[in-house]
**Student:** 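One structure is given below, represented as structure tokens, and several questions about it will come after.
This one's a predicted model, so the numbers in the text were calculated from it and none came from an experiment.
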Amino acid sequence: MEIENRTQWHPAFCSIMELELIENEKGLVYDPEYYLSREPLRIDLLVIKKKPEEVIKNEIGSFFLGHNIVEYKSPDDSMNIDTFYKVLSYACLYKADTGAVDEILDTDITVSLIREQKPVKLLGQLKKKYQIQQEGSGSYRIYGMIFPMQVIVTKELEESRHVWLKALTRSMDIAQAERLLDSYDRLSGKEAREKAGVVVNLVSDINNDIFEKIVSGGDKMSEALKRMVLPEFGELKDLLADKDAELADKDAELAHKDAELAHKDAEIADNYAKLADKDAEIAALKRMLAERDTNK
């Protein structure tokens, strides 16, 4: 189940984080599924600031230092106390196994855990040992740890500022889907649109009914966007276009046949007219002959 979820949700999540922090795209380096040591341990996403003075405008990223470990849990995964300590251990391994002694300072590492639903039980357990402080909608900072840590609850984030992160859900409504498509439409860079396309394809597949409603009544949507959201829409349009072309050919063929039949009818009518003339001539000759015989 974990492998299936990672394949489905995590590539889209990594793309979303780049879209979330797009205003600082030139100052950040992303390494999805960063491997720790030679063992099969990997971080969902490692975000590295190229320059210490880089100021990240997005409030989720404003928490970041030089090296930032991000763990994402899909709607199908749980986030519990063991998850918390597992990710904390990732940060410790990253600190200890990336170069010379103290090459990366523990004061330059952060840990972020991101999930749609609020991990109420986990936060309750952590409150017994550490200070938990909410920093805006959906952001919970954990103080007193070896590394600065935060828990991001995407369901609580402000829609207008986090359209992409909030898109990772199985319960999207039409308004949210339309905002997502509008955000996609406003992207200009090819690379950003490709990353956003990964997200839109995923969530449109998961929330298929919602996107079908938008497509079926989508006066605002371009044909290209409809094809991207629902590939079967494009296939249907192509099929209908082919059928229309076939019908047009049939209509043209029938029109040609009708013209041929009309021409034949005209020829037959002309022949009937000629026969009528002949009949009239014969009748006239018979009368003449009859009159001649009478006169004799």
**Student:** Checking D185 side chain against L181 main chain: does a donor-acceptor pair fall under 3.5 Å?
**Tutor:**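 No, because the side chain of D185 does not come within donor-acceptor range (under 3.5 Å) of the backbone of L181.
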
**Student:** Quick check: closest heavy atoms across V111 and A91, and the distance to 0.1 Å?
**Tutor:** CG2-CB, 3.6 Å

**Student:** Between I104 and I48, is there a shared hydrophobic cluster once you connect ILVMFWY residues whose side-chain heavy atoms come closer than 4.5 Å?
**Tutor:**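 The answer is yes; both residues are in one hydrophobic cluster.
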
**Student:** Counting C-beta onward and ignoring hydrogens, is there a side-chain heavy-atom pair between L202 and L168 closer than 4.5 Å?
**Tutor:** yes

**Student:** With heavy-atom distances below 4.5 Å as the criterion, would you say the side chains of Q117 and K155 are in contact?
**Tutor:**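 Of all side-chain heavy-atom pairs linking K155 with Q117, at least one is under 4.5 Å.
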
**Student:** As a quick check of understanding, evaluate side-chain contact (heavy atoms from CB on, under 4.5 Å) for F211 and D205, giving each step before the final call.
**Tutor:** CA-CA 8 Å; F211 282 84; D205 183 53; over 6 Å; no

**Student:** In terms of ring plane angle, is the pair H67 and Y94 parallel, tilted or perpendicular, where the classes change at 30° and 60°?
**Tutor:**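 H67 and Y94: tilted rings.
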
**Student:** When you check the gap from the basic side-chain N to the acidic O, do R115 and D77 get nearer than 4.0 Å?
**Tutor:**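 No, R115 and D77 are not salt-bridged.
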
**Student:** What heavy-atom pair brings S112 and Q150 nearest, and what distance separates the two atoms?
**Tutor:** OG-NE2, 2.9 Å

**Student:** Is atom NZ of K127 surrounded by more than 12 heavy atoms (other residues, nucleotides or ligands) closer than 6.0 Å?
**Tutor:**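 Not buried by this count: 12 neighbours or fewer within 6.0 Å.
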
**Student:** Within a strict 4.5 Å, meaning less than it, do heavy atoms of the D44 and Y34 side chains meet?
**Tutor:** no

**Student:** Before accepting this row, confirm whether a basic side-chain N of the pair K195/E18 lies closer than 4.0 Å to the acidic partner's carboxylate O.
**Tutor:** yes

**Student:** Let me see the working for S139 and I152 under side-chain contact (heavy atoms from CB on, under 4.5 Å), right down to the final yes or no.
**Tutor:** CA-CA 5 Å; S139 177; I152 300 297; 3.8 Å; yes

**Student:** Parallel, tilted or perpendicular: which one describes the rings of Y72 and H10, with boundaries at 30° and 60°?
**Tutor:**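 Because their plane-to-plane angle is over 60°, the rings of Y72 and H10 count as perpendicular.
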
**Student:** Donor-acceptor check, side chain of K73 to backbone of M79, threshold 3.5 angstrom: yes or no?
**Tutor:**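 Such a contact is absent between K73 side chain and M79 backbone.
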
**Student:** Minimum heavy-atom separation for W164 and A196, please, with both atom names.
**Tutor:** CH2-CB, 3.4 Å

**Student:** Could you tell me whether E191 atom CD has more than 12 heavy atoms of other residues or ligands within 6.0 Å of it?
**Tutor:** no

**Student:** Please round to the nearest 0.5 Å and tell me the distance separating atom CZ of F84 and atom CD of Q125.
**Tutor:**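 One finds 10.5 Å between CZ of F84 and CD of Q125.
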
**Student:** Testing K49, K50, E54 one by one against N24 for a side chain to side chain donor-acceptor pair (under 3.5 Å), which residue passes?
**Tutor:**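 Answer to the side chain to side chain donor-acceptor pair (under 3.5 Å) test with N24 among K49, K50, E54: E54.
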
**Student:** Roughly how far apart are D76 CG and E116 CD, rounded to 0.5 Å?
**Tutor:**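 Atom-to-atom, D76:CG and E116:CD are 10.0 Å apart.
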
**Student:** Quick one: CG on N58 to NE2 on H162, what's the gap to the nearest 0.5 Å?
**Tutor:**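 Between atom CG of N58 and atom NE2 of H162 there are 5.0 Å.
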
**Student:** Quick one: are D102 and K95 in side-chain contact, heavy atoms under 4.5 Å?
**Tutor:**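 The answer is yes; the side chains approach within 4.5 Å.
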
**Student:** Looking at K166 and Q176, what are the two nearest heavy atoms and their distance?
**Tutor:** O-NE2, 2.8 Å

**Student:** Shortest non-hydrogen contact from N207 to T169?
**Tutor:** ND2-O, 3.0 Å

**Student:** Is D108 reaching over with its side chain to a backbone N or O of G66, donor-acceptor style, under 3.5 angstrom?
**Tutor:**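 Answer holds: yes.
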
**Student:** Report the C-alpha distance between I56 and L28 in whole Å, list the side-chain angles of each, state the deciding distance to 0.1 Å, and finish with yes or no for side-chain contact (heavy atoms from CB on, under 4.5 Å).
**Tutor:** CA-CA 9 Å; I56 298 180; L28 301 173; 3.9 Å; yes

**Student:** Give, for atom CG of D182 and atom CG of L187, the distance between the pair rounded to the nearest 0.5 Å.
**Tutor:** 11.0 Å

**Student:** Locate the shortest heavy-atom distance separating R193 from S188; write the atom from each residue and the value.
**Tutor:**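 For R193 and S188, the tightest heavy-atom pair comes out as CD-O, 4.2 Å.
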
**Student:** For the atom pair CG (L21) and OH (Y30), what is the distance rounded to the nearest 0.5 Å?
**Tutor:**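 Those atoms lie 4.0 Å apart.
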
**Student:** If hydrophobic clusters are built by linking Ile, Leu, Val, Met, Phe, Trp and Tyr wherever their side-chain heavy atoms come under 4.5 Å apart, do L65 and M145 end up in the same one?
**Tutor:**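 No: no chain of side-chain contacts under 4.5 Å links L65 to M145.
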
**Student:** V29 and V55: same hydrophobic cluster, using ILVMFWY side-chain contacts below 4.5 Å?
**Tutor:**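 V29 does not cluster with V55.
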
**Student:** Quick one: are E59 and E158 in side-chain contact, heavy atoms under 4.5 Å?
**Tutor:** no

**Student:** Rounded to the nearest 0.5 Å, what separates atom CG in L113 from atom CD1 in I142?
**Tutor:**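 One finds 7.0 Å between CG of L113 and CD1 of I142.
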
**Student:** List the steps, then state whether side-chain contact (heavy atoms from CB on, under 4.5 Å) holds for I81 with L126.
**Tutor:** CA-CA 8 Å; I81 195 69; L126 293 175; 3.9 Å; yes

**Student:** Can L122 be reached from Y85 by stepping across I, L, V, M, F, W or Y side chains whose heavy atoms are under 4.5 Å apart?
**Tutor:** yes

**Student:** How about P148 and T107: do any of their side-chain heavy atoms sit closer than 4.5 Å?
**Tutor:**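 Not touching, per the 4.5 Å side-chain cut-off.
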
**Student:** Are I146 and I43 joined in one hydrophobic group, where the rule is that I, L, V, M, F, W and Y side chains link up if heavy atoms are under 4.5 Å apart?
**Tutor:** yes

**Student:** Hey, does E135 have a side-chain heavy atom less than 4.5 Å from the side chain of F63?
**Tutor:** no

**Student:** For Q133, does its backbone N or O pair with a side-chain atom of R141 as donor and acceptor, under 3.5 Å?
**Tutor:**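 Not a single qualifying donor-acceptor pair exists.
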
**Student:** Are N68 and T110 close enough that some pair of their side-chain heavy atoms sits under 4.5 Å apart?
**Tutor:** yes

